[in-house]
2 protein chains.
Amino acid sequence: MVLDCLSDPIRLAIVYQLAQQEGVSSELCCGDFNGLAGKSNLAYHFAKLRECGLMQTRVAGTNRFMRLRREDLDARFPGLLDAVIKSAAKDAERLQLLPEGEVVAAD
Amino acid sequence: MVLDCLSDPIRLAIVYQLAQQEGVSSELCCGDFNGLAGKSNLAYHFAKLRECGLMQTRVAGTNRFMRLRREDLDARFPGLLDAVIKSAAKDAERLQLLPEGEVVAAD
DNA sequence: CCCTATGTTCAACGTTTATCGAACTATTGA
DNA sequence: TCAATAGTTCGATAAACGTTGAACATAGGG
């Protein structure tokens, strides 16, 4: 179930952004992901991520703040989250570097 | 793509059995997985696993021997395969131990 | 040379999935 | 109180997925 959840590009991006917040506020609210998809689509993905235990939601007024369930995940799937995030980081690097290289060359 | 591949229970079982062969022959042939699904269904899953670079096929006579592409995977997704296999092992343990406990108690 | 065993390919199917817009709930601020 | 903001829920739709059986290819043994 967790692997299936992580295999969707939008959900992986959500998890990745949440992981980058670890050590800072550890939290992001729904609106912070508006660039990834429409609101109703995001709510769908949030529900899936919650269902399989990947994240947790805290309601504060009209906002919902979400965070990774890092400890539970590391206990049940040791090393998995780190490996996935590290791979996602490598991909993000590649995807950012390659187009820049072409744009600069075309200038 | 790799995560999507690993998120199917049959493909995960295939990868898991292949991982257990590492250090022994490192290979299994199609027929060794007949318990998991029908032949044509297995061929479909084999193709998916090959497509995303998880395994490799060697043809020998009327048999096809498959092996994990461990080195390539560890290079591109460090720690991922190990984490997934370790988690699968924990699950296999749970699934085997729980029923046995009840059978022994009912004896 | 045929027959069997091993796998793949193809077409069909039912199910699940992601996506969208519209309607809805609830909270905040004027 | 009214309007705006932040999210969720629902229904519909199109695409992708897993599964199956039948037909096909190919190698090995009698």
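Protein chains get the first letters and strands the later ones, always in sequence-line order, with residue 1 at the start of each. In this text, all values refer to a predicted model and were calculated from it rather than measured experimentally.
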Can you name the closest pair of heavy atoms from A:I10 and A:L36 and give their distance?
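Taking A:I10 first and A:L36 second, the nearest heavy atoms are CD1-O, 3.9 Å.
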Mark yes when over 12 heavy atoms from residues, nucleotides or ligands other than A:R67 sit less than 6.0 Å from its CZ; otherwise mark no.
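Result for CZ/A:R67: open.
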From [options], nucleotide with atom closest to [X] side chain:
X	options	value
A:S40	C:dC20, C:dT8, D:dC17	C:dC20
A:D4	C:dT6, C:dT19, C:dT17	C:dT17
A:A43	D:dG18, D:dT8, D:dG7	D:dT8
B:K39	C:dT9, D:dC17, C:dT6	C:dT6
A:N63	D:dG18, D:dA6, D:dT9	D:dA6

Send over the distance from [X] [atom1] to [N] [atom2], rounded to a whole Å.
X	N	atom1	atom2	result
A:N41	D:dG7	CG	C1'	14 Å
B:D8	C:dT15	CG	P	18 Å
A:L42	C:dC20	CG	P	10 Å
B:R64	C:dT8	CZ	C1'	7 Å
B:K48	C:dG7	NZ	C1'	19 Å
A:F33	C:dA18	CZ	P	17 Å
A:F46	C:dA18	CZ	P	14 Å
B:F65	D:dA27	CZ	C1'	13 Å

Taking A:G79's backbone N and O only, do any of them form a donor-acceptor pair with A:D82's side chain (distance below 3.5 Å, no angle check)?
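Answer holds: no.
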Just wondering, do A:V2 and A:L81 contact through their side chains at under 4.5 Å, heavy atoms?
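A side-chain contact under 4.5 Å is absent here.
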With A:T57, which of A:E27, A:R64, A:R50 fulfils side-chain hydrogen bond (donor to acceptor under 3.5 Å, both in side chains)?
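Considering A:E27, A:R64, A:R50, a side-chain hydrogen bond (donor to acceptor under 3.5 Å, both in side chains) with A:T57 is found only for A:R50.
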When we call it a touch if two heavy atoms are under 4.0 Å apart, what does B:R50 touch: a base, just sugar-phosphate, or nothing?
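Contact class for B:R50: sugar-phosphate only.
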OP1, OP2 of C:dT19 versus side-chain N and O of A:H45: anything below 4.0 Å?
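Yes, because at least one side-chain N or O of A:H45 sits under 4.0 Å from OP1 or OP2 of C:dT19.
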